[in-house]
Amino acid sequence: MTLQQEIVGNAMQMAVVNLSPGQTVYCEAGKFLFKTTNVTMETRLSGPSGNGGGQNRSGGAGSGGMGGLLRQAMGTAMQVGQRVLAGESLAFQYFTSQGGEGTVGFAGVLPGEMRALELDGTRAWFAEKDAFVAAESTVDFGIAFTGGRTGISGGEGFVLEKFTGHGTVIIAGAGNFIDLDPADFGGRIEVDTGCVVAFEEGIRYGVQRVGGLNRQGIMNAVFGGEGLSLATLEGSGRVILQSLTIEGLANALRKAQGGDKQGPTGGLFSTHAG
């Protein structure tokens, strides 16, 4: 069943979701805005694939007895552990419409756009940390580790959110979005690591050094404001980029408050403390 949703607003968008009777949508804790009274709300530690929290487990043969309960607890603990490593919230909130149609509202945490992605089961989607807003219960939420070397170099790229299954998932980012396909640009694009919002499975994500360890490379890193690395996206598929980075927003706020210690050069001289 397709999730009926509408994204409204401009500078700070919201997603208004209309649920059919019995239909369930879940969100990351902190992304919920409002709901109608016939929509129930339940908080669970497990994602939809973990069947945790709200499921009625009697401990009988259907659930595998104590062994089934233990496997369920271990699976939930692994999910929570992955989310802790990724810096995500510990729990999900589930919303189900009872006795008729219901409405739920969600929003991101930064001024910017939202996007509804439709999964047909053939391709997964990957997104930056904190991009996830809400999804149908038929969409599985997971964590993907891109590898130590790539992640340490790329910052945001070390841990990605991964969405699989069938249905609608809603993501959010900062600023405005642009959709690109690397195949339209010779098969490869290079991007500021903080500008990647999401990309389809089949796109190869990596991080490369900006220039060599020579005069121009050092000039790029110190005075260009990009640091030492750029994200690389290769292949054919959909890529979503954002026009505003979280670090850029944080620096602008510090300047507005008179607390900017970064100086005019950015790059290696940044004093951003996370």
Side-chain angles (χ1 to χ4, degrees), residues 1-3 5 7 13 15 25-28 47-49 82-83 86-88 106 108 110 112-210 226 229-246:
M1 182 182 298
T2 301
L3 189 67
Q5 52 76 32
I7 294 175
Q13 292 189 322
V25 64
Y26 69 102
C27 74
E28 186 179 41
S49 60
Q82 284 186 332
R83 293 201 297 274
E88 306 285 351
F106 304 100
L110 294 171
E113 285 197 44
M114 302 181 75
R115 188 67 56 84
L117 308 175
E118 298 296 335
L119 277 65
D120 62 4
T122 60
R123 274 192 175 188
W125 270 88
F126 297 89
E128 67 164 349
K129 294 189 300 181
D130 297 324
F132 173 66
V133 175
E136 288 182 83
S137 58
T138 52
V139 173
D140 291 334
F141 176 100
I143 299 296
F145 296 90
T146 60
R149 184 174 180 180
T150 297
I152 292 171
S153 301
E156 296 89 342
F158 179 67
V159 179
L160 297 170
E161 299 172 336
K162 182 179 181 180
F163 308 104
T164 56
H166 294 76
T168 305
V169 58
I170 301 171
I171 61 172
N176 295 122
F177 285 174
I178 182 172
D179 289 65
L180 298 174
D181 186 339
D184 296 332
F185 301 89
R188 175 187 173 101
I189 56 175
E190 299 172 352
V191 184
D192 182 301
T193 55
C195 289
V196 179
V197 178
F199 54 90
E200 284 184 299
E201 184 177 25
I203 294 292
R204 295 184 299 280
Y205 174 87
V207 175
Q208 71 170 24
R209 189 180 301 276
V210 180
E226 304 300 334
S229 303
L230 287 175
T232 61
L233 298 157
E234 299 179 85
S236 177
R238 188 174 166 194
V239 172
I240 301 175
L241 306 179
Q242 61 188 7
S243 62
L244 177 65
T245 68
I246 295 177

Closer than 3.5 angstrom, by distance alone: can the side chain of [X] be matched with the main-chain N or O of [Y] as a donor-acceptor pair?
X: Asp181; Y: Arg238; answer: no
X: Thr164; Y: Ala124; answer: no
X: Ser243; Y: Asn176; answer: yes
X: Gln242; Y: Ala174; answer: yes

**Message:** Quick check: Tyr205 with Phe126 (ring centres under 6.0 Å apart)?
**Reply:**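 That pair fails the under 6.0 Å test.
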
**Prompt:** Heavy atoms, side chains only, cut-off 4.5 Å: are Leu110 and Leu244 in contact?
**Reply:**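 Leu110 vs Leu244: side chains apart.
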
**Request:** State, yes or no, whether a side-chain contact exists between Leu241 and Val196 at a heavy-atom distance under 4.5 Å.
**Result:** yes

**Prompt:** Quick one: do the Glu190 and Thr232 side chains pair a donor with an acceptor below 3.5 Å?
**Reply:** no

Measure the spacing between [atom1] of [X] and [atom2] of [Y] and express it to the nearest 0.5 Å.
X: Thr168; Y: Phe163; atom1: OG1; atom2: CZ; answer: 12.5 Å
X: Lys129; Y: Glu161; atom1: NZ; atom2: CD; answer: 9.5 Å
X: Trp125; Y: Leu160; atom1: CH2; atom2: CG; answer: 13.0 Å
X: Arg115; Y: Asp179; atom1: CZ; atom2: CG; answer: 4.5 Å
X: Leu233; Y: Leu180; atom1: CG; atom2: CG; answer: 9.0 Å
X: Ile189; Y: Phe199; atom1: CD1; atom2: CZ; answer: 11.0 Å

Smallest separation among heavy atoms of [X] and [Y], with atom names:
X: Arg123; Y: Leu119; answer: O-CG, 4.3 Å
X: Glu28; Y: Phe132; answer: N-CE2, 3.4 Å
X: Val133; Y: Ala172; answer: CG2-CB, 3.6 Å
X: Lys162; Y: Ala144; answer: CB-CB, 4.3 Å
X: Gln13; Y: Glu113; answer: OE1-CA, 3.3 Å
X: Asp140; Y: Tyr26; answer: C-OH, 3.9 Å

